Amino acid sequence: MELVIDRLSKQYKNKISVDRVSARLHKGVHGLLGENGAGKTTLMRMICGILKPTGGTVSYDGIDVSEEEYRAVLGYLPQDFGYYPEFTGMDFLMYMAALKGLGKTQAKRRAAELLQLVSLQEVAGRKIKTYSGGMKQRLGIAQALLNRPGLVVLDEPTAGLDPKERVRFRSLIQELGKESIVLLSTHIVSDVEHIADTVLIMKNGQLIYQDKWDGSRGNLEDFYLQHIGEGTVAGCGIRNGTEVEDRIGGDKS
Amino acid sequence: MSNFGALYRYECKKLFGRKIVWISFGICVAAVILSLVAPLLGDYCIDGKFVGTNSDMYRTDKGYAKALDGRVIDQGLMEETIGAYRKIPQALDGHHYTYTEEYQQFARPYSEIFNFIRQMTGVQTSELMWSWEPSEGDFHERRQAYLASLWADAGLSEGEMDYWRRREARIRTPYVYQEHSGIDYMFSSYQTVGLMVLLVTAICLSGMFSDEHTRKTDQIILCSPLGKTRLYWAKMAAGVSFAAGGALILLIFTFLATMCLYGTGGFHAAFQIIYALSSEPLTCGQALLIAYGCMMAAAVFISAFVMVLSELLRSNIATLAVSTGLLITAMIVNVPEQYRVLAQIWNWLPWCFLTPWNVFGEYTLPVFGGYLAAWQAVPLFYLAAGMIIVAVGKPVYQKFQVSGR
């Protein structure tokens, strides 16, 4: 189980959104941090195959991102997306299951499991327009897991959740990381600190840090803030993206 | 798994979940009822004097028509008709002849036959009333001459004229009059119903693709295994069947409502009883079925057009603006007959086509040494063009990039 991102770039007319990002991700939770506009969402969209890169490739176990087989192992929760207000929670999951190629019986069983997992089983028959923001977010997470994905891409999954739900979701994501590659983008550094096996930091479209996070470098928030600032991180010696690519050789293609 | 059926059902569910669909259908049904009831409302006055309600006059005329039902329009009936009209005084003091008592008493019972002769031959009302000598032979000669002049004005080739002459020769004569107010109203409302079908199709399907782009649901759809492939076909199938089904429901409703209000007579009458300028050897019932078929084909074409436009423009407002703009343009622009090719193309566009005079018009399409009438060629063209549009739209949909939000 390996996601290979090789010199992935996205350039618009006068802006480079993602600049030659390379990484090899394996089973586990990978926390992606970065300021607004750092290129996290663009990177995730390219990993999900909904945005064509201007350079580089993405593949999962050798399957290219453009293939239907790739999309079959992918689960994606975007940062912000709309639902069908007239659908019930169950309808929405059944529709998404059909899109993911699940048969009716299998889809029903899986949808029921996931509704229970995200604590929405009581309101499964209610129209989505009556759901709160947190309930919608939980439904979004459920749809991403319908096909038991090998690659889960979560863009701000805990946004809109109350603290209790957030803690529950951390454990859920951690559980997912045991079976899948989970790429998690968030502004909440503590979420990453608690559950991520690897931390990736993006700045100005470049991946400026990528390594395992075991807490030996102190507090992640301080580490992150120093990283996205101009200064050098103590004990790490990393100053910019180019250096990162050179120094973190092990996980680069 | 293909899951096409499940995706199709969910696309239909999305469509029927939209309030605008129910609102626009409700408005259409109300408009159909209103257009059918309107002629019966109000008063019938002569010189400002109340004579009866329009509903009373309709019943009177229907009674006269029933009295003529089944009669052959031969020399005898023509003489009877013209004789009745000649009882109207020639000196009318500036009044219209229909305001005279003689018209109401003697001529009105024959007005259906009088109008049939007038429309079939193109002879002026005054000439018909005062100088024409009723003759079955002259009636047919004048009709042929009238058609020839109309065909020449329309820029028909000699081959086309010959084609229509052969069609005209297949019409069974002498004509037999049948009371036909129900089917007549159906043809009268055909253009209105057609306009509503196209409008409702455009309104309801304008968000078929663009809604998901606007709502950003496209992100999870396009990264799903079937989101870029089978979903496109499921959406197209749902939209096309919605348009065809919607048109069918509206037509059936119009048909039933008209039958209830105006009766069921005239289905076996020659089509010329309703549309005198046609040379089609059809009954009114056959012509109605053909006209309805053309409307459904147009709805199918428009549905494909609107859905692909919805994907191209990614905005249901813009899609609706373009679709309704074309409809309005078609209503106000008329291409003169002297620009034959341009006029034919314009009249055959779905926004213009749905009128009895275009469906059963004189323009033809030469095919393999023969000719196809508009009602034969145009639906085929719509279905083929619809398929091409759908095929062209697929790569546009598949290549969509989620960016810049």
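To find a chain, count down the sequence lines: A is the first, B the second, and so on, and within it residues start at 1. As the structure is a prediction and not an experimental result, all values here were calculated from the model.
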Looking only at heavy atoms, which two atoms of [X] and [Y] are closest? And how far apart?
{"X": "A:Y76", "Y": "B:I220", "value": "O-CG2, 3.6 Å"}
{"X": "A:A98", "Y": "B:L7", "value": "CB-CD2, 3.8 Å"}
{"X": "A:D80", "Y": "B:K216", "value": "OD2-NZ, 2.7 Å"}
{"X": "B:T229", "Y": "A:E68", "value": "OG1-OE1, 4.1 Å"}

Pairwise distance [atom1]([X]) to [atom2]([Y]) - rounded to 0.5 angstrom:
{"X": "A:D91", "Y": "B:R9", "atom1": "CG", "atom2": "CZ", "value": "11.5 Å"}
{"X": "B:I221", "Y": "A:I50", "atom1": "CD1", "atom2": "CD1", "value": "11.0 Å"}
{"X": "A:S66", "Y": "B:K228", "atom1": "OG", "atom2": "NZ", "value": "8.0 Å"}
{"X": "A:L51", "Y": "B:L222", "atom1": "CG", "atom2": "CG", "value": "11.5 Å"}
{"X": "A:L99", "Y": "B:R230", "atom1": "CG", "atom2": "CZ", "value": "10.5 Å"}
{"X": "B:L226", "Y": "A:K100", "atom1": "CG", "atom2": "NZ", "value": "10.5 Å"}

Looking at [Y], is its backbone amide N or carbonyl O close enough to the side chain of [X] to form a donor-acceptor pair, meaning the two atoms are under 3.5 Å apart?
{"X": "A:R71", "Y": "B:C223", "answer": "no"}
{"X": "B:N3", "Y": "A:L102", "answer": "yes"}
{"X": "B:T217", "Y": "A:G82", "answer": "yes"}
{"X": "A:E86", "Y": "B:K13", "answer": "no"}

For the [atom1] atom on [X], are there more than 12 heavy atoms of other groups (residues, nucleotides or ligands in this structure) within a distance under 6.0 Å?
{"X": "A:E179", "atom1": "CD", "value": "no"}
{"X": "A:M1", "atom1": "CE", "value": "yes"}
{"X": "B:K394", "atom1": "NZ", "value": "yes"}

Using heavy-atom distances under 4.5 Å, tell me whether [X] contacts chain B through its side chain, its backbone, both, or neither.
{"X": "A:M96", "value": "side chain"}
{"X": "A:Q143", "value": "side chain"}
{"X": "A:A144", "value": "neither"}

Query raised in the report: Taking atom types as modelled and ignoring hydrogens, do the side chains of A:Y95 and B:K14 form a donor-acceptor contact shorter than 3.5 angstrom?
Result: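 Distance-only check passes for A:Y95 and B:K14.
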Report task. May I ask you to test the A:Y84-B:Y10 pair for a side-chain heavy-atom distance under 4.5 Å? Result ->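 Sidechains of B:Y10 and A:Y84: no contact.
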Query raised in the report: Between B:R215 and A:Y83, does a side-chain contact (heavy atoms from CB on, under 4.5 Å) hold up when you go through it step by step?
Result: CA-CA 7 Å; B:R215 281 193 193 134; A:Y83 294 83; over 6 Å; no
